[in-house]
Amino acid sequence: MRTRRGVCYRELDMCTDNRLVVKRRGDFSGDNCRKRQRLAPDSVGKSDVFESLPDDLVISILSKLSSSAGCPSDFVNVLLTCKRFNGLGLHSLVLSKASSKSIALKAKNWSESAHRFLKLCADAGNIEACYTLGMIRFYCLQNRVSGASLMAKAAISSHAPALYSLAVIQFNGSVGSKNDKDLRAGVALCARAAFLGHIDALRELGHCLQDGYGVRQNVAEGRRFLVQANARELAAVLSSASSAVSSRSWLSWNPHQHHRHVTGSGCPLLSDFGCNVPAPEAHPASRFLADWFTSRGGVPGPGLRLCSHAGCGRPEMRRHEFRRCSVCGIVNYCSRACQALDWKLRHKAACAPVERWLVDDGDANVDGPLAAGDAADDDDVMVES
């Protein structure tokens, strides 16, 4: 390097040896340079062990984390830690192991990036993502073909909620007109989901057998499925850790409470015997649907209605698709399972028989057995067992 006065300085040989070196000026003689190296205090005795870990091990750790994450932020915060986590965290093996809670997106946080993330998970073979994205596309984004195909992909992998949702679509003819209903297909899908232990499918299949709806009537077999649904629902509450603390508050025996409605936030399953179990937790996809349409005024479209069961969130895809309560005519449900559960939760106390109730366009549309009076009889049957 040449200064303004023309004095030249010799070039230094920068030999850092992959470490942070602090150089001081010194005398130079010939081609040899005297260097005094001083390592930075932070680098003494340390080495980057993380970079030496193989990718397979990091992917295995991230897969375990995605499968046990309690909310989407737990998984997203890990991806934002470093570039390596961000790259390996989007590996197909990690996304295929993601749990339903780790992809439980909220309706208020829906965006194109959230849509792409669910699409990546679904393409990786995550059946929970296939079901959740299928429900969102079918009911919220009005993309019936893509939504139904994603739910079918999850159903092929024996995903019980997807099987039951497809059964509801077949019962209601949601993919087209009223003539597109396929009751036998709905019963078959419901039976498959019931075999996998889905509580709503067990309850729906029990009502179908009792009423002969889409299948040959068999009252005794229908009652057996209803009893099994109640038993599974009660067993799920007893086995949950959250209910173990407060189980004494609702699990009691009081024969004087027969036919008395139990108020509160719980579900009065077996309320005739004094039991008031907590309401079952809704699937993240159902919560997304409910929040999506609630933020839009609770009206899915002109002349369309939502299922009156708060934990469902399904909207009508055409006018008068859902069936109304034949006693009060105020509430409407997408399925007998939602009707039976909402009857226990709240409608039993609010339903009042009226002499006549009118429906828009003069169409009562009570196709299929759906009546609050029948629900009361079914409630007695389920409780006595």
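This one's a predicted model, so the numbers in the text were calculated from it and none came from an experiment.
Side-chain contact check for Thr132 versus Phe288: every heavy-atom pair is 4.5 Å or farther apart. Using a 4.5 Å heavy-atom cutoff, the side chains of Tyr139 and Ile169 are in contact. You'll find the side chain of His159 stays beyond 4.5 Å of the side chain of Lys153, heavy atoms only.
Of the options Leu90, Leu80, Asn77, Val58, a side chain to side chain contact (heavy atoms under 4.5 Å, CB included) to Phe85 is made by Val58 and by none of the others. Tested against Leu62, the residues Leu88, Leu57, Leu79 include a single side chain to side chain contact (heavy atoms under 4.5 Å, CB included) partner, Leu88.
Under the 30°/60° scheme for interplanar angles, the aromatic rings of Phe117 and Phe75 are found to be tilted. Classified by interplanar angle (parallel below 30°, tilted 30° to 60°, perpendicular above 60°), the ring pair Trp110/Trp292 is perpendicular.
Around NZ of Lys101, the count of heavy atoms belonging to other residues, nucleotides or ligands within 6.0 Å does not exceed 12. Surrounding CZ of Arg296 are more than 12 heavy atoms belonging to other residues, nucleotides or ligands, all under 6.0 Å away.
Listed here is the closest heavy atom pair of Leu205 and Cys190: N-SG, 4.2 Å.
No hydrogens or angles considered: a donor-acceptor pair under 3.5 Å links the side chains of Arg314 and Ser165. Using modelled atom types and a 3.5 Å distance limit, the side chains of His115 and Arg137 yield a donor-acceptor pair.
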